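Read through the structure below, which is laid out as structure tokens, and then see the notes.
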Amino acid sequence: MINLTKDAIVAINSENPASLPAGQNPVVQVLQVKKATASQPNAPDRYRMVLSDGVFYMQAMLGTQLNHLPEQEVLVKNSVIRMTNYAVNTVQNRLLVIALQVDILESSHEKIGSPQNYDPAKAQVQPQGQSHQQPQTTDNKPTIAPPQSKGPSSQAPVYPIEGLSPYQNKWTIKARVTQRSDIKFWSNQRGEGKLFSVNLMDETGEIRATGFNESVDEFYSMLEEGKVFFITKARVQIAKKQFSNLQNEYEITFDKSTQIEPCFDTSDVPDVKYNFTELQNLENLEANSITDVLGVVTSVDDASQIISKSTQKPYTKRELQIVDRSQQSVRLTLWGKLAETFDQTNEPVIAFKGVKVGDFGGRSLSMVGASTLFVNPDIAEAHTLRGWYDQQGKNEQFSTFNSSSAAVKPESSGAVNSNEIKTLDQVKQSQLGLNDTGKPDYWSGKATVTYIKKDNLTYPSCPNDMKKVTQDMNDKWRCEKCESSFDAPEYRYIVTCNATDHTGQLWLSGFNDFGLELFKMPANDLQAMMNNGDEAAYEATVKNALGSTYNFNCRAKQDNFNDNVRVRHQINRVNNINYKSDIGRLCDSITKLEVA
DNA sequence: CCCCCCCC
């Protein structure tokens, strides 16, 4: 037999929630649970409830994070629940409970008692906000300590971020600034102004807050990253999810009445929380999703300028290579001021929060608006990674994602860790590609193109599937694979070349991407020179490509040719030499020679 | 009231 908490409704409505018997989390019966009419088209569903202690009942709402309970019919009419975390606020002069965390004690139970509507006027309850939060582990802890300072903290009780919504307007949050943007100036048809935003976090959740114009002057310098503040009297609005990757349906806008003051008792306000994805598992995430990663930065490119195709604006970018214990390496792009000022040369461990997963080159990462990075964070995972990398990771091979097959075949990726650059002689001596399994080996090497086979450098291909097409009797180009005909083929490169380094030479074959890099023009253009009889231009283009030096990323695979086993080296990708990091690599190998 | 997050 379940007992409802005696006088729970009176206590909840009183100014002193701790007056609950023995400070317990109230056990109440849900007399009704119904989906509320949406206030806005894209607003999340909200569930209204009527809660009873057997004597009185009152209106309540369910925190949206608990929507799954009624949706999965775990919480239904007449369920008995224990509210382990809830908030009370005034909406249109009526008191409303928002259940933030509940235990379902009984899913369905007969109605207990004959409760009456609780009338706050009769009970002389002041219609003012209340907050009540108790750790789930103990039933006897007092409620949140009353704020000591004047100003915002005395305006309204401290309220969990998770419980904020447009339905209540009297609250104070106690939150840590986990990220602060630059001040941004905008100008459009509707006017101009400046703004900034911060990410705020407490034990229960995160929310983004934005300040415009005067609020920038008033609050920007104060809201330093990492510090904790009491914030009150700001607007809570539906978040535009397409622009936010924080886990909150709402966001805050500071306005003229907003009050913010620093808080020095910060022990209960968490730092940034991470939910790291191992780099190898990035292939399981969808492109454009947002995640956190932790990696050792093994190389840092120079900053460079790109022009956005859509806005024609220039942006500074800088690419890093990061690795982790999943033996995976991935490229990560920094933008703007961060790209310009990033200066980390000692292979730091960096925690990235809220980076965007892209599918360029298989998988890539990019910092976006709400992303943050933390160099050498003092968290357990970072220390573990540091130890592993220094002791063994730095000598290991890392897989890279690659555009054709990384997402489905991790074994097909290869090493491009600059530590793993092999000489061509090493490639031959270690007989890469020759093994019993028939599986390819992957290698990276720095070499110079010294010879290119001039005949059959291009082939006419099908625009649909890149397969070779042949000219039929009607001068149409026919693809046997997709059974279509075309007026003209799309020429693609198929390059056979000789690559040389200081230890020897090797035949390599590469395809269209390599040809584009090598000749700086589409295969159609090169073929046109041939077709137009401009053999000199053709020759000059090929000759001009000789002497190109790259870091080659190759696949070595054996095949049988006239009963002879031989190894073919196919170019997966070439990278231009980053001279700064290449010199570092050469210096390292000189040091190793000296030691030996 | 911004809301672009880029490029290979």
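Keep in mind it's a predicted model, so treat the numbers as computed, not measured. Below, chains carry the letters A, B, ... as their sequence lines are ordered, and counting in each starts from 1.
Within the nucleic acid shown, Thr333(A) comes within 4.0 Å of at least one base atom, counting heavy atoms only. At a threshold of 4.0 angstrom between heavy atoms, the contacts of Thr210(A) include nucleobase atoms, whether or not backbone atoms are also involved. At a threshold of 4.0 angstrom between heavy atoms, the contacts of Glu251(A) include nucleobase atoms, whether or not backbone atoms are also involved. Among the heavy atoms of the strands lying under 4.0 Å from Lys356(A) are primed sugar atoms or P, OP1, OP2 only; no base atom is included.
With Leu332(A) as the partner, the side chain to side chain contact (heavy atoms under 4.5 Å, CB included) test is satisfied by one option alone out of Ile322(A), Val297(A), Leu373(A), Ile350(A): Ile322(A).
A cation-pi arrangement, defined by a distance under 6.0 Å to the six-membered ring centre and an angle within 45 degrees of its axis, is present between Arg180(A) and Tyr220(A).
Taking the six-membered ring where the residue is Trp, the centroids of Phe519(A) and Tyr493(A) are separated by under 6.0 Å.
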side-chain contact (heavy atoms from CB on, under 4.5 Å) between Val293(A) and Leu365(A), worked out: CA-CA 9 Å; Val293(A) 296; Leu365(A) 297 170; 3.8 Å; yes

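Where DNA chain B meets chain A (any atom under 4.0 Å from a heavy atom), the bounding nucleotides read 5' to 3' are dC1(B) to dC8(B).
Listed by chain and number, the residues in a salt bridge (charged side-chain N to carboxylate O under 4.0 Å, His left out) with Arg176(A) are Asp271(A) (sequence neighbours excluded). Here Glu539(A) pairs with Lys454(A) under the salt bridge (charged side-chain N to carboxylate O under 4.0 Å, His left out) rule; sequence neighbours left out.
The 5' end of DNA chain B is approached more closely, in terms of each residue's nearest nucleotide, by Arg190(A) than by the other of Ser308(A) and Arg190(A).
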